[in-house]
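Just so it is clear, the model here is predicted, and its values are computed rather than measured.
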Amino acid sequence: MSTPTDVPAGDPGTGTAAPPRRVLRGSRKAVARSANLDRVWLALLGFVLLAAGTLAALLGFGVFGTGRAARPLLDPLIVDALRAQQQLWRWVAIAAGVVLVVLGLWWAVRSLRPERRPDMLLEEDQDTRLLVTAGALAEAVADRAAALPGVGKARARMVGSSGTPALRLTVWVTDEADVAEVCRRLENEVVAEARRSLGLAHLPVAVRLELDSVTHAPRVA
């Protein structure tokens, strides 16, 4: 069960300031890794292929004239131009193929590379630079969450960027745990402490609750 605890929307009656738009957009990173860019590229590629297939079908069915449907797909003038400059168009085809290969490799590397884990710079001046690594922060949050009553173990991960960080927290609760109390203490103690430690007004958090599957074998007398 995944429970996103996104930042509040703001309450004019209490004077709570609404979070910036960049924080609201960054809260999606706490839930899962974004695949919006991949979806856009796939949609564009599908649209181009669909348009090309539709155009070829219309030509074949004679929508643009029965005479045009009986002719080859490429106009003879285009074929003659290609034959007249074979060397040039051969290099154009090679260049297009190289570009497609490079784009495919870039897309594959981008999709398979590990998710970015931002380090947090807490203080910096001429003589001091205080930097908390993402791994150290995640380990501290996980240890703090695992110490709560009813929690068997916990795992945390910092995601996003240093400007818009987010926290992804997975908690394994025991059979006897009060889930509502665990969620309340996670928000009021663990997450609130992480925000204060980092000096952040807003820290989007997604909490995933799992049932601890560890079973204790009965003792043999």
Side-chain angles (χ1 to χ4, degrees), residues 1-37 110 113-214:
M1 178 176 62
S2 180
T3 307
T5 58
D6 293 339
V7 289
D11 186 354
T14 60
T16 303
R21 289 183 177 271
R22 63 183 180 86
V23 175
L24 294 175
R25 291 194 300 267
S27 64
R28 302 188 186 96
K29 299 177 182 178
V31 179
R33 184 174 182 175
S34 176
N36 291 336
L37 185 59
R110 181 190 174 279
R113 70 183 176 184
E115 193 173 17
R116 183 168 52 180
R117 302 182 184 183
D119 298 332
M120 301 300 299
L121 182 62
L122 302 184
E123 182 181 349
E124 184 177 22
D125 53 32
Q126 294 181 351
D127 303 322
T128 306
R129 188 171 187 266
L130 181 57
L131 180 70
V132 180
T133 64
L137 180 59
E139 184 178 357
V141 172
D143 292 342
R144 184 70 176 86
L148 295 178
V151 176
K153 58 182 179 179
R155 182 178 62 197
R157 172 178 292 183
M158 290 294 296
V159 295
S161 63
S162 57
T164 56
L167 179 63
R168 192 176 300 157
L169 182 60
T170 305
V171 176
W172 284 265
V173 296
T174 61
D175 293 336
E176 300 81 10
D178 184 344
V179 177
E181 179 66 11
V182 170
C183 292
R184 186 190 67 80
R185 297 192 65 174
L186 284 173
E187 173 62 25
N188 297 336
E189 297 178 19
V190 179
V191 176
E193 184 177 329
R195 289 192 182 109
R196 288 194 300 269
S197 300
L198 296 175
L200 297 175
H202 308 289
L203 177 63
V205 180
V207 179
R208 182 177 181 86
L209 298 179
E210 298 283 353
L211 181 62
D212 194 353
S213 59
V214 176

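You'll find the side chain of E181 stays beyond 4.5 Å of the side chain of P149, heavy atoms only. Using a 4.5 Å heavy-atom cutoff, the side chains of E193 and E189 are not in contact. Here the side chains of M158 and L167 are in contact, with some heavy-atom distance below 4.5 Å.
Heavy-atom minimum distance, A192 versus N188: CB-O, 3.4 Å. Shortest non-hydrogen contact noted between G150 and A177 is O-CB, 3.2 Å. Residue C183 comes nearest to L209 through the heavy atom pair SG-CD1, 3.6 Å, listed as atom of the first residue, atom of the second, then distance. The shortest non-hydrogen separation linking L200 to P165 is CD1-CG, 3.7 Å. Heavy-atom minimum distance, V159 versus R168: CG1-NH2, 3.7 Å. Contact between L148 and V182 at its shortest, heavy atoms only, is CD1-O, 4.5 Å.
With rounding to the nearest 0.5 Å, the separation of CZ in R208 from CZ in R155 is 9.5 Å.
Considering V190, V179, V151 in turn, V151 is the only one that fulfils the side chain to side chain contact (heavy atoms under 4.5 Å, CB included) rule with V171.
Look at K153 and E210 and you find no salt bridge, because none of the NZ, NE, NH1 or NH2 atoms lies under 4.0 Å from a carboxylate O.
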Name every donor-acceptor pair, under 3.5 Å, that has one atom in a side chain of residues 133-142 and the other anywhere in the protein, sequence neighbours excluded.
residue	atom	partner	partner atom	Å
T133	OG1	A136	N	3.2

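For R144, the CZ atom is densely surrounded, since the number of other residues' heavy atoms within 6.0 Å is greater than 12.
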